[in-house]
Chemist: 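Please see the structure below; I have some questions.
What you see below is based on every heavy atom in this structure, not just the backbone, and it leaves out hydrogens, waters and symmetry mates.
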Amino acid sequence: MAAKYHCIVPVYHSGTKKGSALGAVNMLISIGGVAIYAVRIGQGDVDGANDVFRHGILLQLCAAAVFSLAGIFFADGICSLLGANETFRHLAVDYLFWYSIFIVATVEKEQRMVK
């Protein structure tokens with residue numbers, strides 16, 4: 001059980017102290033969006049700030065969809081690339097496949113936790 005989990009943690013699972021690629025992309029978009037949002041609010045451009053917020057949310061959903069599709073269609077290759085051996089590969093592939101289906105919901109949940 002632990003081996004299949006540790007194979008995909010660096011890419012998909014952001015619930016660890018180590019972080020993940022998905023978490024890094026999420027933070028990249030969030031932090032950049034907040035900076036631009038703050039500048040627009042400071043300039044008194046509320047409509048521009050709302051546009052930045054809307055684009056940030058859409059960009060995060062698109063990034064989550066890319067990670068989700070990659071995990072669904074390329075689960076075997078990703079697990080092999082991350083070092084899953086023959087003993088645990090089928091378990092890691094199954095775990096990554098099912099985890100990838102719910103990535104968009106996970107990103108949305110993490111956004112609510114930040115607020």
Side-chain angles (χ1 to χ4, degrees):
M1 176 77 174
K4 69 177 179 176
Y5 178 75
H6 291 295
C7 286
I8 68 163
V9 166
V11 177
Y12 285 91
H13 199 290
S14 60
T16 64
K17 294 179 183 178
K18 297 177 185 177
S20 69
L22 178 62
V25 170
N26 188 12
M27 286 178 42
L28 173 84
I29 296 167
S30 297
I31 293 169
V34 166
I36 298 169
Y37 180 87
V39 168
R40 295 282 174 99
I41 290 291
Q43 294 172 342
D45 183 12
V46 176
D47 290 335
N50 287 335
D51 286 341
V52 168
F53 178 78
R54 189 174 18 259
H55 290 137
I57 294 295
L58 289 174
L59 190 57
Q60 284 184 338
L61 289 174
C62 289
V66 167
F67 274 89
S68 182
L69 292 173
I72 290 169
F73 293 113
F74 304 111
D76 190 51
I78 291 170
C79 290
S80 296
L81 183 68
L82 294 174
N85 60 20
E86 292 300 322
T87 306
F88 295 107
R89 180 174 291 146
H90 69 283
L91 296 171
V93 169
D94 287 345
Y95 183 85
L96 179 56
F97 175 81
W98 288 106
Y99 185 82
S100 295
I101 291 175
F102 298 102
I103 284 178
V104 175
T106 303
V107 168
E108 191 273 328
K109 179 191 78 148
E110 287 177 0
Q111 287 300 313
R112 282 190 284 135
M113 290 175 56
V114 170
K115 293 178 184 177

Chemist: Above 12 or not: heavy atoms from other molecules or residues under 6.0 Å from CZ of Phe97?
Modeler: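 Yes - once you tally the heavy atoms of other residues, nucleotides and ligands closer than 6.0 Å, there are more than 12.
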Chemist: Hey, are the side chains of Cys62 and Val66 touching, using non-hydrogen atoms and a 4.5 Å cut-off?
Modeler: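 Sidechains of Val66 and Cys62: no contact.
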Chemist: For Val25 and Ala63, work out which heavy atoms get closest and say how close.
Modeler: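 Between these two residues, the closest heavy atoms are CG1-CB, 3.8 Å.
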Chemist: Once you round to the nearest 0.5 Å, how far does CG of Leu28 lie from CD of Gln60?
Modeler: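 Taking CG in Leu28 and CD in Gln60, the distance rounds to 9.5 Å.
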Chemist: Same hydrophobic cluster for Leu69 and Leu82, using side-chain heavy-atom links shorter than 4.5 Å among ILVMFWY?
Modeler: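 Same cluster: Leu69 reaches Leu82 through Ile, Leu, Val, Met, Phe, Trp or Tyr contacts under 4.5 Å.
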Chemist: In Å and rounded to the nearest 0.5 Å, what is the SG to CZ distance from Cys79 to Phe88?
Modeler: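 Answer rounded to 0.5 Å: 13.0 Å.
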Chemist: Are Leu22 and Met27 linked, directly or through intermediate hydrophobic residues, by side-chain heavy-atom contacts shorter than 4.5 Å (ILVMFWY only)?
Modeler: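 No, it is not one cluster - the side chains of Met27 and Leu22 are not joined through contacts under 4.5 Å.
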Chemist: Hey, is the main chain of Ala84 close enough, under 3.5 Å, to the side chain of Arg89 for a donor-acceptor pair?
Modeler: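 Side chain of Arg89 to backbone of Ala84, a donor-acceptor pair under 3.5 Å: yes, one is there.
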Chemist: Holding to side-chain contact (heavy atoms from CB on, under 4.5 Å), I want the full list of residues that pass it with Leu59, two or more places apart in sequence or in another chain.
Modeler: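 So Leu59 forms a side-chain contact (heavy atoms from CB on, under 4.5 Å) with Ile29.
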Chemist: Measuring from atom CG of Leu81 to atom CZ of Phe74, what distance do you get when rounded to the nearest 0.5 angstrom?
Modeler: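 If I round to the nearest 0.5 Å, the distance is 13.0 Å.
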Chemist: To the closest 0.5 Å, what do you measure between CD1 (Ile31) and CD1 (Ile36)?
Modeler: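 The distance works out to 12.5 Å.
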Chemist: What distance do Tyr95 atom OH and Ser100 atom OG have between them, rounded to the nearest 0.5 Å?
Modeler: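 Answer rounded to 0.5 Å: 10.0 Å.
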Chemist: Same cluster or not: Val39 versus Val34, using hydrophobic residues (I, L, V, M, F, W, Y) connected whenever any side-chain heavy atoms lie under 4.5 Å apart?
Modeler: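 No, separate clusters.
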Chemist: Keeping the roles fixed (side chain from Asp51, backbone from Arg54), state whether a donor-acceptor pair exists under 3.5 Å.
Modeler: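 Looks like no, no N/O pair under 3.5 Å.
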Chemist: Out of curiosity, does Leu96 fall in the hydrophobic cluster containing Phe73 (side-chain heavy atoms, cut-off under 4.5 Å, transitive links)?
Modeler: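 Linked within one cluster.
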Chemist: Considering non-hydrogen atoms only, spot the tightest contact between Tyr37 and Asn50 and give its length.
Modeler: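 Closest approach of Tyr37 to Asn50: CE1-N, 4.4 Å.
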Chemist: Using modelled atom types only, decide if a donor and an acceptor are shared between the side chain of Ser30 and the backbone of Asn26 within a distance under 3.5 Å.
Modeler: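 Side chain of Ser30 to backbone of Asn26, a donor-acceptor pair under 3.5 Å: yes, one is there.
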